[in-house]
Amino acid sequence: MIVRGANRGDRLPVLALLLEMHKTSALDWPLLSLSRITSAFDECLASGFVAVAESDGGVVGSIGARLAQHWFSDEPFIGDVWFYVTPSAR
């Protein structure tokens with residue numbers, strides 16, 4: 001397994017992972033908006049951080065993060081937007 005910085009070519013594999021994450025969650029999440037998760041990927045790639053884990057030529061995990069602020073502080077921090085690894089790669 002390798003972990004590397006993502007690029008625009010990773011958009012579809014990461015979106016597929018995020019759909020899997022949502023579908024397999026035990027929590028009752030609201031419906032996904034494909035345009036919003038696509039925008040989140042693009043924003044993290046452009047001004048944050050996105051990494052992917054690959055195994056056997058496929059993307060099996062990803063993390064996306066961006067600069068954020070707590071509601072109670074002016075100090076920024078890096079907050080994750082998503083973090084998911086397929087069960088078979090854990």
Side-chain angles (χ1 to χ4, degrees):
M1 180 180 303
I2 64 163
V3 177
R4 61 171 176 77
N7 58 58
R8 293 207 46 87
D10 294 312
R11 181 198 264 175
L12 290 179
V14 170
L15 295 180
L17 279 177
L18 297 177
L19 292 172
E20 178 184 331
M21 178 180 73
H22 185 271
K23 181 179 175 183
T24 60
S25 175
L27 301 174
D28 188 21
W29 292 104
L31 293 176
L32 286 181
S33 164
L34 191 55
S35 65
R36 289 187 61 98
I37 62 174
T38 301
S39 292
F41 175 86
D42 292 344
E43 289 171 17
C44 286
L45 191 63
S47 60
F49 172 78
V50 181
V52 294
E54 291 181 317
S55 182
D56 298 324
V59 174
V60 296
S62 180
I63 186 169
R66 62 182 166 204
L67 201 59
Q69 286 182 304
H70 291 292
W71 62 271
F72 56 84
S73 175
D74 292 328
E75 293 183 27
F77 69 96
I78 297 173
D80 69 304
V81 178
W82 70 85
F83 177 64
Y84 183 71
V85 177
T86 60
S88 62
R90 293 178 189 167

Inset, instruction - Can you measure from CG (Leu31) to NE2 (His22) and round to the nearest 0.5 angstrom? - result: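 Leu31 CG to His22 NE2: 6.5 Å, rounded to 0.5 Å.
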Legend entry - From CE (Met21) to CG (Leu15), nearest 0.5 Å: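 The distance works out to 11.0 Å.
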Within 6.0 Å of [atom1] in [X], more than 12 heavy atoms from elsewhere:
X     : atom1 : value
Leu27 : CG    : yes
Arg36 : CZ    : no
Ile78 : CD1   : no
Asn7  : CG    : yes

Inset, instruction - Look at the side-chain heavy atoms of Ile, Leu, Val, Met, Phe, Trp and Tyr, link any pair under 4.5 Å apart, and say whether Leu45 and Tyr84 land in one connected group. - result: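 Yes; tracing contacts between hydrophobic side chains, which count when under 4.5 Å, links both residues.
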Can you give the donor-acceptor pairs under 3.5 Å from side chains of residues 61-72 to other protein atoms, not counting sequence neighbours?
residue : atom : partner : partner atom : Å
Ser62   : OG   : Ala51   : O            : 3.0
Ser62   : OG   : Trp82   : NE1          : 3.0
Arg66   : NH1  : Glu43   : OE1          : 3.0
Gln69   : NE2  : Asp74   : O            : 2.6

Legend entry - Donor-acceptor contact present, side-chain Arg90 to main-chain Val85, <3.5 Å: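 Checking the backbone N and O of Val85 against the side chain of Arg90, a donor-acceptor pair under 3.5 Å is found.
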Legend entry - Chi angles and distances behind the side chain to side chain contact (heavy atoms under 4.5 Å, CB included) call for Val50, Val81: CA-CA 10 Å; Val50 181; Val81 178; over 6 Å; no
Inset, instruction - Taking all non-hydrogen atoms of both residues into account, name the closest pair between Asp10 and Gly5 and its distance. - result: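 Heavy atoms only, the tightest pair is OD2-O, 4.5 Å.
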Legend entry - pair Val59-Leu17: side-chain heavy atoms closer than 4.5 Å: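 Side chain of Val59 against side chain of Leu17, heavy atoms only: contact under 4.5 Å found.
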